[in-house]
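Reading through the structure tokens given below for one structure.
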There are 4 protein chains.
Amino acid sequence: MRADARDNRERILTAAEEVFGRTPGASTDEVAKRAGVGIATVFRHFPTKVELLEAVLTQRLERLRDRARELAGSADPGRAFYDFFGQVVAEAASKLAIADALGAAGTAVGDEARQAGEGMRQAFGELLDRAQDSGAVRKDAAFPETYALLIGTARGATAVGLEPTVRDRLLALVYDGLRPRP
Amino acid sequence: MRADARDNRERILTAAEEVFGRTPGASTDEVAKRAGVGIATVFRHFPTKVELLEAVLTQRLERLRDRARELAGSADPGRAFYDFFGQVVAEAASKLAIADALGAAGTAVGDEARQAGEGMRQAFGELLDRAQDSGAVRKDAAFPETYALLIGTARGATAVGLEPTVRDRLLALVYDGLRPRP
Amino acid sequence: MRADARDNRERILTAAEEVFGRTPGASTDEVAKRAGVGIATVFRHFPTKVELLEAVLTQRLERLRDRARELAGSADPGRAFYDFFGQVVAEAASKLAIADALGAAGTAVGDEARQAGEGMRQAFGELLDRAQDSGAVRKDAAFPETYALLIGTARGATAVGLEPTVRDRLLALVYDGLRPRP
Amino acid sequence: MRADARDNRERILTAAEEVFGRTPGASTDEVAKRAGVGIATVFRHFPTKVELLEAVLTQRLERLRDRARELAGSADPGRAFYDFFGQVVAEAASKLAIADALGAAGTAVGDEARQAGEGMRQAFGELLDRAQDSGAVRKDAAFPETYALLIGTARGATAVGLEPTVRDRLLALVYDGLRPRP
DNA sequence: AATGAATGAGTATTCATTCAT
DNA sequence: AATGAATGAATACTCATTCAT
């Protein structure tokens, strides 16, 4: 039954991601129905709605962190940086809530979520450093504003429901601001 | 008595802006208390909570539109564009909800809000056009991505609670992306 | 509408007294139905279930205190004391919860209830003092044990659902313990 | 394996006594944790929460009955009666729930509990009879009121959280009522 | 026109009880 | 036989909206 429980936890988390991604203020019942379990099961796994939300957030942040870490080893640091940037924005455009997760990364209360956010920001900082060393990103772009630019671009892409073409042009604009001035 | 009513409407709107700016999920009661009127009075003026929210939104959008129009007559179109951009972002950083208003401008349901959003986007388009004509903004930056960049930057600045210095550096990055390539 | 509200408050309190008297763990819904009002109305008047319970308790304690005060002026202090004692026990036998109120008088958390309890205990102490001075109650019966005896007798009479005859005989036993030894 | 089961039953009962003694409204889970078994084990032994509560009650009543029976053979019937009375009250003062058990003895629903209550009351009646025959208790104190006095004194001692000294003085008052009038 | 009271639908959370391992 | 997970009914409390004054 350990397996069953883990399975259910996964299903609940997935359901929560979908439901809250679509309707941020959705009820826990909604999540339970979507996951196909009783409501008490949701509360057994996540004793509080806040804890459920934080678990979703944590998962998202960890995924982003992992992606950043994967790319950190790349031979082409510039490409790694811009690829990560673009992927985050692309995902945000389709999954409304990743942008919120990014925004919340600074404020997240829960310990796990905070750590995941910290890890993600560190990994992104790593990507930035290497890209700057390799000359792919201007040296005077410090971490805070670059991170803010990532968040903002992701949220901007989300808010308007941008078409892919426009999103690419938006990224082109942003990248041009990040590239070293000739 | 007409005057009293208009007065109350104003007070309610102001109160709503403050309250929802601070706590997006606040109750209508909260707004009534802040405005110093009974809750029934709020509902007399705005028969639905959604209508109240839309009124707040409309007001914000109209203010932005008016500011854009004022600047449209400026002798220095480049400066007008970047000033507007910067002001919007600066305000968003302090008033959480303006960014949402900007985001909602595309999706706004109510008729008034939609019109206000349309007007605001048109005015911003005007600023963009003139700035491009004057050579202050690159010609290949079309409206959709530029508008998305405005929204995103505003939201990015809001989400993280950026300090003014960092906000300025963020803007510098964004502006560099918007300026014509040499 | 002030009148209506006060009216409703009364009805809710009365309903609560009946309902909680019968079923101590009853739900707030039950009280609302019994009072013939919507559940939100109950919560408007008593924002918390605890506050509702305390209001019931307070009311009961105040009634007892008032009765004690009335009797305090009596020309026959002995009779006043034993009358009060008997009335409390008689009421407790029919209204389950008065005994609890008496018990809670020492522990009541809410400020109003605490004060009412204090007032009631003081009034009872007064009755006791005078009865002792008049020689109707033995002088070595101090307040704490006499009060405990009152509470206990009331609760004893309640718990078993005593018939009036038996109750009278119980009181006779208790009174004999309180009278001065010859 | 029969031994294991009986062992578990004991542990659950003990745990239930502790838990419900402290927190009358406690959950079955609480009991399971305290007993160090899974919740399903509790329900295997006591298919219903009511049955568990009744088992606790039965156990308590049986203990009291046994104590009364032990004392029934004593050479000094008066002392036996007053000792029993005092012990019950002393225990009630520390173990909140014994008083409830005594009260419930009249109303007990379950068959076992009812029988245990009956047995306990019979044994107490025996003690009373002998004490009356020996002249230690007045002859006109019939069983019903004397039993009510026992219950009441026990509950009175519990409700207020009486100190031992006061409890003793309370008992002195009660005993004086029970002793034959000179 | 303005007020504050009343309402019921909705929400998070708990708990006794039942299943699957 | 024992376990822990799953379940749905129940409960306290909130909120947008409607009535009576």
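Note that this is a predicted model, so its numbers are computed, not measured. A, B, ... follow the sequence lines: proteins, then strands. Residue 1 opens every chain. Side-chain atoms are counted along with the backbone in the values below, which use heavy atoms only and exclude waters and symmetry mates.
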Please give, in whole Å, the distance from F:dC19 C1' to C:Asp7 CG?
17 Å
With the side chain defined as heavy atoms from C-beta on, C:Asp4 is closest, among F:dA2, E:dT3, F:dT21, to F:dT21
Report the distance from atom NZ of A:Lys33 to atom C1' of F:dG8, rounded to the nearest whole Å.
11 Å
Using a 4.0 Å cut-off on heavy atoms, which residues in residues 8-20 of chain A reach DNA chain F? List them by number, or say none.
A:Asn8
Determine whether a donor-acceptor pair (N or O, by modelled atom type, separation under 3.5 Å) exists between the side chain of B:Thr23 and the backbone of B:Phe20.
no
Measure the distance from CZ on C:Arg44 to P on E:dG4 and round it to the nearest whole Å.
9 Å
Separation between CG of C:Asp100 and CZ of D:Arg155, rounded to the nearest 0.5 Å:
7.5 Å
Rounded distance (nearest 0.5 Å) linking atom CD of D:Glu30 with atom CD1 of D:Ile39
10.5 Å
For a stem of at least 3 consecutive Watson-Crick or G-U pairs with distances under 3.5 Å, i pairing with j, i+1 with j-1 and so on, which stems involve DNA chain E?
E:2-21 with F:2-21
Mind running side-chain contact (heavy atoms from CB on, under 4.5 Å) on A:Asp111 and A:Arg114 for me, showing each step along the way?
CA-CA 5 Å; A:Asp111 213 44; A:Arg114 202 196 317 273; 4.2 Å; yes
Want to settle it: does B:Val37 or C:His45 sit nearer the 5' end of DNA chain E, counting the closest nucleotide to each?
B:Val37
Using every non-hydrogen atom in the two residues, find where A:Ala97 and A:Gly21 come nearest and quote the distance to one decimal.
CB-CA, 4.0 Å
Calculate, to the nearest 0.5 Å, the distance between atoms CD and CD belonging to D:Glu112 and D:Gln59 respectively.
11.0 Å
Under 4.0 Å between a side-chain nitrogen and a carboxylate oxygen: does that hold for A:Glu17 and A:Arg63?
yes
Using atom names, set out every protein N or O paired with an N or O of nucleotides 9-13 of chain E below 3.5 Å, distance rounded to 0.1 Å.
from	atom 1	to	atom 2	distance (Å)
E:dA12	OP1	A:Lys49	NZ	2.6
E:dA12	OP2	A:Thr28	N	3.1
E:dT13	OP2	A:Lys49	N	2.7

If you count every heavy atom of other residues, nucleotides or ligands that lies below 6.0 Å from C:Lys49 atom NZ, does the total exceed 12?
yes
Could you walk me through whether D:Ile98 and D:Thr158 pass the side-chain contact (heavy atoms from CB on, under 4.5 Å) check?
CA-CA 9 Å; D:Ile98 289 197; D:Thr158 310; over 6 Å; no
Can you give me the closest heavy-atom contact between B:Ala154 and B:Leu102, atom names plus distance?
CB-CD1, 4.2 Å
Any chance you could measure B:His45, atom NE2, to B:Arg9, atom CZ, to the nearest 0.5 Å?
8.0 Å
